[in-house]
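Following: one structure in C-alpha cells, then a few remarks.
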Amino acid sequence: MTLEVDDLRVYYRTLKGDVQALDGVSFGLKDGEILGLAGESGCGKTTLGKALIRLDGRMKHVGGSVTLDGETLPIGDDVRMNPYRFKQVSLIPQYSMSAMNPTRKIGRMVRELLESRREKLDLTELHHRLELVELPKDVLGKYPIELSGGMKQRMVMVISTLLNPSLLIADEITSALDVSTQKAVVTTLKGFRDRGFVKSMVFITHDISLTNQLADTIMVMYAGKLAEKAPAATVVNAPKHPYTQLLISSLPEVGVRYADKRLTGIPGNPPSLLNPVAGCRFRDRCPLAFDKCAEEPPPVEVEKDHVVACWKAA
Amino acid sequence: MLKLDGVTKVYRIGAFGGQTMTAVDEAGFEIKPGEVVSLIGESGSGKSTIGKMVLRLLSPTAGTISIDGHDIKKMGKRDYYRKVQGVFQDPFSSYNPVFKADRVFGMIREVYFKGVPDKEWTAKIEAALDAVRLSPGAVLNKFPHQLSGGQLQRLLIARALLLDIEYLVADEIISMLDASTRIDVLNLLADLKLRGLGVLFITHDLALGNYISDRTVVLHKGRIVEYGPTDAVFEQPEHAYTRKLLASVPQLHTKWEDA
Amino acid sequence: MRTEALYFAVRNTKLLVGAGIILVLLGIGVIGPFFIDKAPTEYVGMQMQPPGGEFWLGTNTFGQDLWAQFVHGLRTTFLVGALGGGIAAAIGMVVGFVAGYKGGWVDEILNMLTNIILVLPTLAVLFILNAYLGVRSAGMQALFIGLTQWPWAARSIRAQTFSLRGRDFVDLARLSGVGSGRIIMREIAPNMSSYLLLTFILLFGGSILIASSLDFIGLGPTDAVSLGLMLQQAHQWSAMHLGLWWWFIPPGAGITLIVGALYVANVGLDEVFNPKLREL
Amino acid sequence: MRRYFGRKLLVYGLTFFMAVTVNWLVPRLMPGDPVASMLARARVAQPEAQEALRVYYNNLFGFDLPWWQQYLNSWGSLFRGDFGISLWAFPTPVADLLTRAVPYSLALLIPSILISWVVGNRLGALAARRKILDNTVLPVSYVLTATPYLWLAALMAWAFGIVWGIFPVAGGYSFSITPSFTWDFFLDLAWHWLLPFASLFLVALGGWAIGMRNVIIYELESDYANYLSALGAPQRLIRRYAFRNAVLPQITGLALQLGVLVAGALVTEIVFSYPGLGSLILAAIQNKDFFLLQGAFLFIVLGVLIANFIIDVVYVIVDPRTRVGMAGASA
C-alpha cells in the first residue's frame with residue numbers, strides 16, 4: 001500500500017459555520033495504482049486532493065489520518081508537511097497555465113526550486129523527460145509567456161514529477177482542454193506511471209468517461225462521503241450504488257441519440273454541507289430510499305475491491 | 001429559415017489594428033424551424049464567434065445572415081431579438097450578481113411588454129417556467145447564488161420563451177453543469193424543437209452534439225470542415241479532422257486503446 | 001450580500017475609527033461656525049496668546065482667534081475635498097465607463113487624453129491657472145482640482161468596466177434590447193458601487209492635500225479661510241520663528257487627521273467589500 | 001517593443017504640446033492688454049525698467065501679428081531657450097534663474113524619490129502577511145501618506161531647527177559662506193539639504209510601503225506562489241519571487257506619482273526657503289512674475305516627461321514580458 005487514508009475529515013470554515021466538505025473518507029492506494037476520483041461539484045473531491053498535499057487557508061483538518069509509504073503525513077501542519085511535498089507527494093494543479101513564475105526563465109525557476117529543497121538538478125534526466133513529453137530543450141531558456149498553453153501544461157507535468165514522488169495528485173487538469181489535448185495529457189500521465197516517475201496517482205475529475213481511460217480504480221464521491229469505489233470497469237459497467245448507477249446512465253455517448261434513447265438526469269440538488277442531516281446524504285434524491293437510510297450507511301466491501309456505502313447494495 | 005452565407009469575421013489585433021486574425025472564414029449553413037443544428041469545434045475554432053454574430057453581438061466582416069431571406073442587419077434590433085434569443089455558457093456570469101435572478105424577466109417586460117398588466121404577466125411567466133419544468137416558488141425572488149446552475153440555465157431558456165422566438169442560440173449551455181443535471185437541460189432543448197423552434201447548439205462535446213442534433217457542422221480554425229446530417233457526420237466522417245476528433249473523445253464504455 | 005457587508009462593516013475597526021474621526025471633524029466644521037459669533041478674520045483681542053480658556057487654540061500675531069479660523073477652515077477644507085473629489089470622480093466615471101464599454105476608437109482617444117493628463121504634473125498646471133485668476137473662490141479651486149485629478153480614476157474604472165463588459169449578463173441585457181447608457185448605469189455601475197465609493201474617498205483625500213499645497217503657495221481661495229491658508233499665513237508671518245506652534249500645528253494636524261481617517265476608512269471598506277482581504 | 005515606445009513618445013509629445021499651448025493661451029484669455037495689466041500688477045524691482053519691459057514684451061507677444069504667427073513664434077523662442085525676462089529679478093532672463101535653481105531641486109528630488117521608493121518597497125514587503133509588522137508599519141505609513149508635505153516639513157523645521165537648534169531652517173547654504181568647491185561648502189550644503197530631504201523622504205515612504213504591501217499580498221496569492229507552496233518551496237523563495245514581481249507595478253506607480261512628488265518637493269522647498277524651483281515659484285507668485293511662473297511650469301513638465309521616459313526604459317529592462325511578449329508565442 002502506498003497510501004492509506006483513514007476516516008479523513010476536512011472542514012471549510014465559513015461565516016455561517018463549518019462546511020463539512022470531506023466527512024470521513026477512507027481508502028487505500030496500491031503501488032502503481034491510478035485512482036480516478038470522480039463526482040460532481042461540491043462532492044469533496046477537490047478538498048480531498050488538497051488535503052493530501054496542502055490545505056488552503058480556510059480548510060482545517062478535523063480528524064482522520066493519511067499514511068504514505070508507512071509514514072503518517074502531518075497534513076494539518078503546513079510547515080511540518082513541507083519536507084514531504086514534491087518529494088513524496090506532488091501536485092499537477094488545475095492552473096497549469098499560470099503556475100510558473102512569469103518573470104523567471106523556466107530553467108532557472110526549476111533550478112531555484114530544486115536548490116530550495118536541497119536537491120541537485122540532474123540536467124540529463126530533465127532533458128530526457130522533456131523529450132518524453134515532446135518539449136525541446138530550449139524551453140528551459142524561455143519565459144512561460146513564450147510557451148503555448150499545451151507546452152506549459154506539459155512543462156508543469158515534468159516539473160511536478162521530477163523528484164519521482166510516491167503520490168501524484170492531478171486536480172481537474174483536463175477540464176479546460178480540448179479533447180485532443182485531453183487525450184495527450186492522459187496518455188502522458190499513464191506513461192509517467194509506467195516508467196516509474198510516480199508510484200501512484202490520484203486523478204481528480206468530474207468526467208467519468210475520461211477517468212475510465214486512465215484509472216485502474218474509480219472512487220465516486222457524493223456530498224463529502226465515499227459512495228462507491230471499485231475497479232474502473234466495475235464502476236462503469238456494474239455500479240452498485242444508486243447514485244453511481246443514475247450518474248452513469250445519464251451520460252450521453254457518441255452513438256446515443258435523443259430520438260432513439262432519451263437519457264434522464266437525477267432530480268434534485270446535493271444537500272448543503274453546513275449542518276447536513278444524519279443518514280445517507282443521497283436519500284432525498286434516491287429512488288430506492290427507505291427508512292433505514294436515515295441511518296448512515298457504512299462503506300462495505302461487497303465483493304473484492306468493490307466498496308459501496310448503501311444499505312440496498314450490501 | 002436562418003441562413004448564414006459566406007460569413008467571415010476578421011479581428012484587428014494591436015493598438016492600431018496592425019495585425020489581423022480571421023476567426024471565422026466564409027461560414028455558410030442554415031437552421032430550419034423545428035431542428036437542432038450543432039456547431040462543434042475546439043477552442044479557437046470560431047464557434048462562439050458565429051453564435052455572437054447570429055445574436056448580433058458582433059457584426060460579420062463579410063457575408064450575410066438572413067432570416068427567411070431578410071438580411072438581419074436591416075432589421076431593428078428589438079424586433080430581431082423578439083425572434084432570436086440566446087443562452088450562454090456560464091450560468092453565474094449570465095446573471096448580474098447584485099440583483100435577483102428573475103430580473104432577467106423584468107428586463108424583457110420593460111422593453112417588450114410594458115403595457116401588460118401584472119396578472120397577465122404573472123401567468124406568462126408561470127407558463128414559461130412550466131415549459132422549462134421549474135416551479136415558480138423555487139426560483140422567483142431569489143439571488144443567483146441561491147440557485148443551482150441547472151436552475152439558472154432553465155430560467156434563461158424560460159426568459160427566451162417569453163418572447164415569440166423562432167431561433168435559439170445555445171452556446172455551451174450545459175458545459176458548466178454537473179453531469180447529473182445537465183442531461184435534463186439538454187432534453188429540454190430538444191423538446192423546444194417540437195414547438196417549432198430552430199436551435200443552434202454550440203458545443204465542444206461531440207457526444208452532446210450527437211445526442212441532440214439533426215444536423216452537425218464541424219468547425220476547425222474558423223472554417224467549416226464538415227457539414228451534414230448528424231448520422232452521416234458521426235458514422236462516416238469524411239474529413240480527417242472530424243475523424244481525429246472522434247478518435248479523441250473519451251468514451252464511457254470503450255477505451256482508447258481498444259478503439 | 002448587503003447584509004453580509006453590513007455584518008463586516010460594524011465589526012471593522014479601521015472603518016469605524018476612520019469614519020468616527022471624519023464624522024467628528026465634519027461635525028465641528030458644519031455645526032461649529034454657528035456657535036462662533038465672530039468672523040474668523042476679526043481681530044478679537046490679545047496678540048500671540050497661547051491656547052487657553054478664552055481662545056481654545058490661542059491667537060496669532062494679529063490677534064485673530066485661531067479656533068474660529070480652524071472651525072471655518074475645516075468647513076472649507078471639507079467642501080473643497082468633497083467637491084473636488086466629487087467632480088474628479090464624476091469625470092473619471094464618465095470617461096472610464098464610456099472608454100471601457102465602447103472600446104475601439106472611442107477608447108483609443110479617451111485613453112490618450114487620460115494618459116496625457118496623467119503624466120502632466122497637475123499641480124504645476126493649477127499654479128498657472130490660479131495665478132492668472134485674480135479672485136479665487138473655494139468652489140473654483142475645487143473645480144480646477146476636480147478637472148485635473150480624474151485620470152487615474154478613469155483608468156481603473158475603465159479597466160473594471162472592460163472586464164465586466166465581457167460578462168454574459170451584459171450580453172444578455174443587450175439581447176433584451178437595452179441600450180448602452182442603461183447597461184452602463186444599471187448593469188455595470190451597480191457591480192462596481194463599492195469600488196466607486198472607494199475611488200471617491202481616495203479622490204476626496206487627494207483633493208484636500210492638493211488644495212493645501214495650493215493654499216500654502218499663495219493660490220488659495222481669496223474669499224474664505226481654510227486649513228491650508230492658515231498654514232500659509234503662519235509661514236508668511238514666521239509663526240515658527242516666533243514660537244507660535246499653536247498657529248501651524250492644529251491646521252496641519254487637522255488635514256492629516258481628515259486625510260488619514262479617509263484612507264484608513266477606505267482600507268476598512270475595502271476589507272468589508274472584498275472577502276479576500278477579510279481575516280478569519 | 002517599438003510600438004510600445006512609439007505610443008509612449010506620442011503621449012509625451014502630445015502632453016508637451018498641450019502644456020506649451022496652455023501656457024501660450026492662458027495670458028491671451030485674460031481680458032484687456034495682458035502686457036499692460038501684467039506689468040501693472042507685477043512688483044517690478046526697478047521702476048525705470050517698466051518701459052523697457054513693456055517694449056520687450058509687446059515685441060515678444062507680437063500682438064500685431066496673426067494669432068498663428070504668434071503661436072509659432074512662441075515655439076520658436078522656446079526652442080532657442082528663450083523664456084523671456086524676469087520681472088521680479090529684472091533684467092535676469094527667466095532661463096538663467098531656472099537653470100540656477102534646477103540643481104537644488106534635483107538634489108532634493110532624485111535621492112528622496114529613489115531612496116524612499118527602495119526603502120518603502122522593502123518595508124512594505126516585510127510587512128505583508130506578517131501580523132505584528134503589518135500592524136505597526138501600516139498605520140504609520142497611512143499617517144505619513146496622509147500628511148501634507150508642507151506640514152511635515154514645517155514640523156521638522158520647527159522641531160530640529162528651532163526647538164532643538166540642530167539643523168538650519170532656511171537656505172541652500174549659510175549666508176556667511178561663498179559657494180566654492182571646498183569641503184566646507186559641501187558640508188554646509190549637505191547640512192542644509194538634510195532636513196528638506198528627510199521630510200520629503202518620509203512622506204513618500206508611507207505611500208510606497210502601502211503600495212508594496214498590497215501588491216505583494218496579491219502576488220503571494222497568485223497561482224505560481226500556490227504552486228511553489230504545494231511543492232514545498234520555502235517561504236524565502238516564494239517571497240523573493242513575489243517581491244521581484246511586485247516591483248513591476250511599483251515602477252509604474254513611480255511614474256504615476258512623479259507629479260505628486262514634484263509638487264511635494266516644491267512646497268517643501270518653500271518651507272525651508274531652499275533655493276530650488278519651489279522658492280522661485282513662490283517668488284513669482286508673490287511678485288506676479290508670470291513669465292518666471294510660466295517658464296518654471298514648462299521646466300517642470302519637461303522634467304517630468306523625461307523622468308517618465310526613463311522609467312519606461314527601466315520597465316522594459318526589468319520586465320521580460322514586455323520584451324518577449326510582443327514577439328508572439330509560438331503556438
Side-chain angles (χ1 to χ4, degrees), chain A residues 38-43 149 174-187 190 205-215 220 222 232-233 235-237 243-244 246-270 272 282 285, chain B residues 36 40-45 133 138 147-151 174-191 193 201 203-214 220 230-231 233-235 237 241 244-259:
Chain A
E40 301 179 89
S41 47
C43 71
T174 54
S175 51
L177 302 177
D178 284 325
V179 281
S180 46
T181 329
Q182 273 183 359
K183 186 174 176 181
V185 166
V186 165
T187 314
K190 228 175 186 169
T205 179
H206 62 277
D207 188 342
I208 294 189
S209 313
L210 186 67
T211 317
N212 186 35
Q213 304 296 326
L214 169 74
V220 179
Y222 186 81
V235 167
V236 168
N237 298 314
Y243 172 65
T244 322
L246 290 169
L247 191 64
I248 297 280
S249 70
S250 76
L251 298 175
E253 273 192 281
V254 174
V256 175
R257 299 288 309 271
Y258 166 81
D260 313 329
K261 180 186 171 195
R262 193 182 164 116
L263 303 173
T264 50
I266 310 175
N269 294 305
S272 154
F282 185 59
R285 299 170 79 186
Chain B
V36 179
I40 294 178
E42 297 188 287
S43 57
S45 63
R133 292 182 209 108
L147 300 172
S148 72
Q151 286 173 317
I174 58 167
S175 63
M176 296 192 52
L177 304 183
D178 273 324
S180 69
T181 49
R182 68 200 308 191
I183 198 71
D184 292 327
V185 177
L186 199 59
N187 286 334
L188 201 62
L189 216 53
D191 292 344
K193 72 177 184 184
F201 181 69
T203 185
H204 70 279
D205 189 328
L206 287 91
L208 300 180
N210 173 254
Y211 176 72
I212 190 179
S213 63
D214 302 295
H220 180 51
T230 299
D231 293 330
V233 169
F234 280 84
E235 275 154 38
Y241 176 74
K244 185 188 145 217
L245 210 54
L246 274 168
S248 309
V249 178
Q251 286 277 50
L252 188 57
H253 295 284
T254 9
K255 292 213 176 190
W256 283 323
E257 303 91 276
D258 308 333

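It should be emphasised that the depicted structure is a prediction, and the values quoted were computed from it without experimental measurement. Quick note on labels: first sequence line is chain A, next is B, and so on, each numbered from 1.
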query = Taking the side chain from B:K255 and the backbone from A:N212, do they hold a donor-acceptor pair closer than 3.5 Å?
reply = yes

inquiry  = Below 4.5 Å, heavy-atom pairs only: which of B:V36, B:T230, B:V249 has the largest tally toward chain A?
reply    = B:T230

query = Just by distance, do the side chain of B:E235 and the backbone of A:G255 share a donor-acceptor pair under 3.5 Å?
reply = no

remark   = CG (B:L252) and OG1 (A:T211) are apart, to the nearest 0.5 Å, by 9.5 Å

Per-residue contact mode, B:S175 against chain A (heavy atom under 4.5 angstrom) = neither

ask   = Where on A:L247 is there a heavy atom nearer than 4.5 Å to chain B: the side chain, the backbone, both, or neither?
value = side chain

task = For B:S180 and A:E40, work out which heavy atoms get closest and say how close.
result = OG-OE1, 2.5 Å

query = Looking only at atom types and distance, does a side-chain atom of B:D184 sit under 3.5 Å from a main-chain N or O of A:G265, one as donor and one as acceptor?
reply = yes

request  = Of all the heavy-atom pairs spanning A:Q182 and B:P250, show the shortest one and how long it is.
outcome  = OE1-CG, 4.1 Å

request  = Measure B:L246 against the heavy atoms of chain A and call it side chain, backbone, both or neither at under 4.5 Å.
outcome  = side chain

inquiry  = If I measure from the heavy atoms of chain B, does A:I248 come under 4.5 Å with its side chain, its backbone, both, or neither?
reply    = both

query = Between B:D205, B:L206, B:T181, B:N187, which shows the greatest number of heavy-atom pairs under 4.5 Å with chain A?
reply = B:N187

query = Heavy-atom distance under 4.5 Å to chain A: side chain of B:S148, backbone, both or neither?
reply = side chain

message = Looking at every heavy atom in both B:A207 and A:P252, which two are closest together, and how far apart are they?
response = CB-O, 3.6 Å

request  = Could you go through the side-chain contact (heavy atoms from CB on, under 4.5 Å) check for B:W256 and A:V186 one step at a time?
outcome  = CA-CA 11 Å; B:W256 283 323; A:V186 165; 3.7 Å; yes

task = Identify the heavy atoms of B:T254 and A:Q213 that sit nearest to each other, and give their distance.
result = O-NE2, 3.1 Å

inquiry  = By the salt bridge (Lys or Arg N to Asp or Glu O under 4.0 Å) test, which pairs, at least two apart or in different chains, include something from residues 251-265 of chain A?
reply    = A:R257-B:D231, A:R262-B:D191

query = Which heavy atom of B:Y211 sits nearest a heavy atom of A:L263, and at what distance?
reply = OH-N, 3.0 Å

message = Side chains of B:D178 and A:H206 only: does a donor on one sit below 3.5 Å from an acceptor on the other?
response = no

message = Can you give me the closest heavy-atom contact between A:D178 and B:E42, atom names plus distance?
response = CB-OE2, 2.9 Å

By salt bridge (Lys or Arg N to Asp or Glu O under 4.0 Å) - contacts of A:K190 (at least two apart) = B:E257

